[in-house]
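A short write-up of the structure that comes next.
Labels below follow one simple rule: chain letters A, B, ... track the order of the sequence lines, proteins then strands, and each chain is numbered from 1. Only this structure's heavy atoms are used, side chains among them; waters, hydrogens and symmetry mates stay out.
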Amino acid sequence: MLDLKFIRENPEVVRKGLRNKNAADIVDNVLKIDEERRSLIVKAEELKSKRNQVSTQIPQLKKTGKDTTEIFAEMKRVGDEIALLDNNLRKLEEELEDTLLYTPNLAHESVPVGKSAEENVEARQWLPESFSFENDFKVLDHIELGKKLGILDFERGTKISGPGFPLYMGKGATLERALINFMLDSHLNEHAYSEVFPPVLVNKESMKGTGQIPKMEEDMYFIEKDGLYPIPTAEVPITNIHRNEILPGKKLTIKYVGYSPCFRREAGSYGKESKGFLRVHQFNKVEMVKFSKPENSYDELESMVKDAEDILQALKIPYRILLLCTGDLSFSAAKCYDIETWSPAENRWLEASSCSNFESFQARRANIRFKREESKKTEFVHTLNGSGLATSRLMVSLLENYQTPEGKVIVPKVLHKYTGFEVIS
RNA sequence: GGAAAGGUGGCAGAGUGGCUGAAUGCGGCGGUCUCGAAAACCGUUUCCCGAAAUUUUCGGGACGGGGGUUCGAAUCCCCCCCUUUCCGCCA
């Protein structure tokens, strides 16, 4: 959620920022409602002040036996008018809140302005030693390879649940588990995150806090009977750990990492990219979440990207980093890096991670604040999160990059102690 | 799922219609004392919104959430949420 005061004081900045993000211009509307709102507040508060004054005198009057009928009648009218004003005020505030909840975050000034994904900027690439984009044998894609090796069974996954629900078998299941454990251990031991294991069904307030609803409600699963949403990412429960809290400034930056399955409806995205692991309704992800002071959040974003990169470098999987342009940034993000891993069979890069700074956008929605040690002032924290990483796309790159001409898959060395085997054949 | 009790400041816990943003205790912070510490004593200790002035003054609001009664609600009534205990069910 954008800061109402900021909109009031910087209407042109907001207008331009929204345009860059391909979003509707709500500035005039917001300013108009806000002005009306404040004038109502002034009127209502004058009356309340009067009511309070009179109220303190009433016990005295009663004690001295004065007749209060006249005053009570007058105060009744005042009370009715207050109720009326408060009612109108509530309506305006609802309208304001509604508008703001549907309005995306503005991009940071370091984000390149662009219309769509084509204008994203490649920040850097990392390729393992002796890596080549050309292969001297025909690389099987992960679907065919997974089937041949008996480690992925998309048909039976579809039978059990429907398309987009992958079923891992045998060494495929073990490899998946190994990846998750390896990533968690790395972030705990090398990068000093604390581990959490969050609930995967969350309530409406939590979804609102991180920005998935109301705007993106269509993309979310929803269990009507209990009013709960299966999470699209562990970002939701982990960020909401501190909803409605004021954190001591000295505890920041707080860094959490957690594994969770993720559920996405992916409404309307069938066809393109929907084969195998490329677009699924359920996948596994290790997620990093940070709560930081505003002045540190951009350094924290860079270090979070590095934390994700460390995983890929340890696994020796080729990747590149994209800095997303304003038009491709997600609803809540102020700045975002995507990490894409190389798929030899697809002959293209696949998004395996997304690391974003939300600045105070989520914090304002979820009411997550901190108290400065020096000034004792409370301010909104900055929240960040990043995949570290999602296993599905990673698995595609891993299987494809590590396959041999004979159709086996070598297990990356760092995973051996987690898998207990070195080759899948 | 059934029954009962209960939700008040960081915590414990008073208040059951009117100077109660809220007693008291603990904790926290600052000070006195001390070479230092403890003890003791003194002081201090929530958050949101608005107006004016520019980091201060004034006003309004908040006792789980929402609505109602009333001149006036932490206090009375209704709905919802949550917690605890007992019973049932259960990995």
Side-chain angles (χ1 to χ4, degrees), chain A residues 1-10 30-101 197 199-209 213 222-229 237 240-252 254 261 360 362-381:
Chain A
M1 195 148 68
L2 296 178
D3 181 9
L4 182 57
K5 280 204 195 91
F6 184 83
I7 300 176
R8 202 186 291 152
E9 283 155 24
N10 308 276
V30 164
L31 291 181
K32 198 185 100 217
I33 300 172
D34 178 48
E35 205 167 309
E36 268 180 71
R37 166 184 159 267
R38 283 183 295 152
S39 93
L40 280 184
I41 288 174
V42 172
K43 282 183 204 161
E45 289 189 352
E46 272 169 16
L47 292 175
K48 283 177 187 170
S49 179
K50 182 177 176 188
R51 178 173 69 184
N52 289 342
Q53 274 175 34
V54 174
S55 278
T56 54
Q57 292 162 6
I58 285 177
Q60 304 279 328
L61 296 176
K62 279 197 155 173
K63 230 178 261 169
T64 55
K66 291 246 172 64
D67 179 25
T68 54
T69 6
E70 186 62 27
I71 295 174
F72 280 6
E74 163 71 10
M75 284 299 108
K76 171 83 179 147
R77 280 197 296 277
V78 170
D80 288 347
E81 195 170 348
I82 290 172
L84 192 74
L85 290 169
D86 274 350
N87 222 352
N88 290 339
L89 189 61
R90 211 191 60 236
K91 278 185 209 148
L92 281 181
E93 286 187 331
E94 267 167 27
E95 199 183 333
L96 199 57
E97 160 122 349
D98 214 52
T99 308
L100 290 176
L101 281 177
F197 210 144
V200 299
L201 298 182
V202 301
N203 59 30
K204 201 175 188 127
E205 273 309 303
S206 294
M207 291 292 270
K208 209 166 106 185
I213 62 172
F222 181 54
I223 300 167
E224 190 139 2
K225 201 169 180 182
D226 300 288
L228 294 169
Y229 296 81
N240 277 282
I241 288 174
H242 295 300
R243 171 151 51 86
N244 289 331
E245 288 183 18
I246 299 176
L247 304 163
K250 62 171 188 277
K251 278 183 79 177
L252 300 178
I254 296 173
S360 56
Q362 292 182 327
R364 193 167 285 109
R365 287 179 162 238
N367 193 27
I368 308 169
R369 292 170 294 170
F370 74 102
K371 198 187 278 282
R372 289 216 182 258
E373 305 94 290
E374 324 81 43
S375 65
K376 311 268 186 236
K377 288 261 162 63
T378 55
E379 284 175 51
F380 287 107
V381 300

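- Contacts of A:Arg364 with the nucleic acid, taken as non-hydrogen atoms under 4.0 Å apart, are absent.
- Residue contacts for A:Ile58: at a heavy-atom cut-off of 4.0 Å it reaches a base atom on one of the strands shown.
- As judged by a 4.0 angstrom heavy-atom cut-off over every strand, A:Arg77 is placed among residues making no nucleic acid contact.
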Exercise answer: donor-acceptor pairs, residues 244-252 of chain A side-chain atoms, under 3.5 Å, sequence neighbours excluded:
unit_1   : atom_1 : unit_2   : atom_2 : d
A:Asn244 : OD1    : A:Asn367 : ND2    : 3.2
A:Glu245 : OE1    : A:His242 : ND1    : 2.8

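- Pair check for B:rU75 finds none; no Watson-Crick or G-U wobble contact set falls under 3.5 Å.
- The distance between atom CG of A:Asp34 and atom C1' of B:rG50, rounded to the nearest whole Å, is 11 Å.
- Residue A:Ser49 is classed as a sugar-phosphate contact, given heavy-atom separations below 4.0 Å to backbone atoms only.
- With a 3.5 Å ceiling on both atom-pair distances, the Watson-Crick or G-U wobble partner of B:rU84 is B:rA4.
- Of the residues in residues 37-45 of chain A, those lying under 4.0 Å from RNA chain B by heavy-atom distance are A:Arg37, A:Arg38, A:Ile41, A:Val42, A:Glu45.
- Taking 4.0 angstrom as the limit, A:Asn52 places none of its side-chain polar atoms (N or O) nearer than this to OP1 or OP2 of B:rG72.
- Taking atom CZ of residue A:Phe380 and atom C1' of nucleotide B:rC48, one finds them 10 Å apart after rounding to whole Å.
- Per the geometry, CG belonging to A:Leu89 stands 12 Å off P belonging to B:rA51, to the nearest Å.
- Straight-line distance from the CZ atom of A:Phe370 to the C1' atom of B:rU46: 18 Å, rounded to whole Å.
- Phosphate proximity of B:rC48 to A:Thr378: present, with a side-chain N or O under 4.0 Å from OP1 or OP2.
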